[in-house]
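Report on the structure given below.
It should be emphasised that the depicted structure is a prediction, and the values quoted were computed from it without experimental measurement. Start at 1 and go down the list; that is how both ligands and their atoms are numbered. When a residue number appears, it is its place in the shown sequence, counting from 1.
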Amino acid sequence: MTHRILILGGTTEARQLAAKLAVRADLDITLSMAGRTENPVEQPVPVRVGGFGGAEGLADWLGEKKIDLLIDATHPYAARISANAAEAARISGVPILALRRPAWEPVAGDNWTLVDDADEAVAALGANPRRVFLALGRQEVAAFATAPQHAYVIRSVDPIEPPLGVPDAAYILSRGPFAEADERALLEAQKIDAIVSKNSGGQATYGKIAAARELGIAVILFRRPELPDVPSAPTVAALLAMVDHQLAPAEKRGV
Ligand code: NAP
């Protein structure tokens, strides 16, 4: 019997999970991407691209494609699709599992200011000119145009279009993972004194946080958005075990 699984992706873990599940003859995997990135990385399973049209649209899609299991492996800050996924699972009756990457926790030496959004981050930078490293997506960067007194180094996967309307902005196009030593070199070379970032969790982008600690640089971190409470695992390995359990015949699950 073939089990059909839809993975909501856009993260490294979603790709890793898809690769692990793709080798199994009993599974038929589809990976869903929002279609935001201009040059998306190659995926190990068939991909569908674009929104579903809200929770109802996703629920309809799950029914049409006879999906047996929905896996939300989206980014921790992709709160809308996670909410839609939980609601679509409820409407359709399709079981859902989520991969919830744990947030970074502060350790001794960290100098973090927590904010809820880009406007609060701008306020937290203060009035005096600073040299700021923005490790953010396109949507969040725009708010920093209201603080043109700072010099910005902006790193993103896709170009910031239109460019930030400030006199001093440099752009780095790059996709992680980023090694701590390279991050430290970048922060020193650019004389950065504040970093603005999401609390993405995981190792791939933690290097800048560790380097900031060593260098005594302030970090302005976006708080995590609230995500729906669905059965979840913190790692790909743990989620794989949950998938096995979920797809086991009901009597083996003790249902
Ligand atoms: P979002 O605000 O939670 O979702 C906005 C809308 O985009 C959703 O309502 C849905 O449209 C569509 N969508 C999002 N993810 C989708 C997916 N995997 N497949 C199909 N449709 C999807 O999402 P976002 O923050 O813009 O993130 C978009 C994508 O980028 C996600 O796949 C996420 O994993 C990835 N990503 C996000 C971040 C981040 O910081 N937010 C960072 C790295 C990667 P409909 O309502 O029409 O279905």
Side-chain angles (χ1 to χ4, degrees), residues 5-18 29-65 67 69-92 94 96-104 115-118 121 134-143 154-158 160 173-178 195-206 208-209 220-228 230 232 236 239:
I5 299 181
L6 176 67
I7 303 174
L8 301 172
T11 58
T12 303
E13 289 95 332
R15 182 160 44 85
Q16 291 168 342
L17 184 68
I29 312 292
T30 303
L31 185 61
S32 175
M33 309 286 279
R36 302 267 198 285
T37 309
E38 284 171 15
N39 297 301
V41 294
E42 266 199 44
Q43 300 290 344
V45 296
V47 173
R48 64 149 311 279
V49 179
F52 295 92
E56 269 108 39
L58 177 53
D60 289 347
W61 199 95
L62 296 173
E64 277 162 29
K65 304 286 178 185
I67 297 295
L69 176 62
L70 174 62
I71 300 179
D72 174 13
T74 57
H75 191 269
Y77 286 80
R80 179 136 31 108
I81 187 70
S82 288
N84 288 352
E87 178 63 4
R90 194 191 62 74
I91 297 169
S92 65
V94 173
I96 181 171
L97 299 175
L99 210 157
R100 299 271 194 252
R101 195 193 291 165
W104 300 317
V115 296
D116 279 327
D117 54 32
L134 298 183
L136 295 173
R138 283 191 266 204
Q139 293 104 318
E140 298 90 11
V141 164
I154 304 167
R155 184 170 67 198
S156 56
V157 172
D158 290 312
I160 304 293
L173 284 186
S174 188
R175 199 194 297 269
F178 303 105
I195 295 175
V196 185
S197 168
K198 293 179 181 172
N199 187 338
S200 295
Q203 283 307 307
T205 58
Y206 187 69
K208 62 180 176 289
I209 306 293
I220 296 169
L221 269 189
F222 287 31
R223 282 192 188 87
R224 285 279 181 105
E226 278 219 22
L227 298 178
V230 300
S232 67
V236 170
L239 193 75

Checking Thr37 side chain against Pro40 main chain: does a donor-acceptor pair fall under 3.5 Å?
no
Just by modelled atom types, is the Gly137 backbone N or O under 3.5 Å from a matching donor or acceptor in the Glu140 side chain?
yes
Can you tell if the side chain of [X] reaches within under 4.5 Å of the side chain of [Y], non-hydrogen atoms only?
| X | Y | answer |
| --- | --- | --- |
| Asn199 | Arg223 | no |
| Pro44 | Arg15 | yes |
| Glu87 | Pro228 | no |
| Ser156 | Leu173 | yes |

Using a strict 4.0 Å cut-off to heavy atoms of [X], name the atoms of ligand 1 that fall inside it.
| X | result |
| --- | --- |
| Met33 | 17 (C), 18 (N), 19 (N), 20 (C) |
| Tyr77 | 25 (O), 40 (O), 41 (N) |
| Gly9 | 18 (N), 31 (C), 32 (O), 33 (C), 34 (O) |
| Lys198 | 39 (C), 40 (O), 41 (N) |
| Gly51 | 11 (O), 21 (N), 45 (P), 47 (O), 48 (O) |
| Arg48 | 20 (C) |

If we count only N and O atoms by modelled type, under 3.5 Å, do the side chains of Asp72 and Thr74 hold a donor and an acceptor together?
yes
Which protein non-hydrogen atom lies closest to [atom], naming both residue and atom, and how far is it?
| atom | answer |
| --- | --- |
| atom 23 (O) of ligand 1 | Ala78 CB, 3.6 Å |
| atom 48 (O) of ligand 1 | Phe52 N, 2.6 Å |
| atom 43 (C) of ligand 1 | His75 CD2, 3.4 Å |
| atom 16 (C) of ligand 1 | Ala34 CB, 3.6 Å |
| atom 10 (C) of ligand 1 | Ile81 CD1, 3.9 Å |
| atom 2 (O) of ligand 1 | Arg80 CB, 3.9 Å |

Does [X] have a heavy atom less than 4.0 Å from any atom of ligand 1?
| X | result |
| --- | --- |
| Ala79 | yes |
| Asn84 | yes |
| Gly53 | yes |
| Gly50 | yes |

Any carboxylate oxygen within less than 4.0 angstrom of a Lys/Arg side-chain nitrogen, looking at Glu38 and Arg138?
yes
So which atom in Leu227 and which in Ser82 form the shortest heavy-atom distance, rounded to 0.1 Å?
CD2-CB, 4.0 Å
Which pair of heavy atoms, one from Gln16 and one from Val236, lies closest together, and at what distance?
OE1-CG2, 3.7 Å
What part of Glu140, side chain, backbone, both or neither, has a heavy atom within less than 4.0 angstrom of ligand 1?
neither
With nothing but distance in play, are any N or O atoms of [X] less than 3.5 Å from an N or O of ligand 1?
| X | value |
| --- | --- |
| Arg36 | yes |
| Ser32 | yes |
| Thr74 | no |
| Leu8 | no |

Is it true that atom CZ of Arg80 has more than 12 heavy atoms of other residues, nucleotides or ligands lying nearer than 6.0 Å?
no
What residues form a salt bridge (charged side-chain N to carboxylate O under 4.0 Å, His left out) with Glu42, not counting sequence neighbours?
none
Restricting to heavy atoms, the pick from Pro76, Gly57, Gly54, Gly10 nearest atom 44 (C) of ligand 1 would be Gly10
Distance below 4.0 Å between atom 27 (O) of ligand 1 and any protein heavy atom?
yes
For a side-chain contact (heavy atoms from CB on, under 4.5 Å) check, start with the C-alpha distance between Ser200 and Trp104, then their side-chain angles and the critical distance, and finish with the verdict.
CA-CA 7 Å; Ser200 295; Trp104 300 317; 4.2 Å; yes
The test is side-chain contact (heavy atoms from CB on, under 4.5 Å); show your working for Arg90 and Ile96 and say whether it passes.
CA-CA 9 Å; Arg90 194 191 62 74; Ile96 181 171; over 6 Å; no
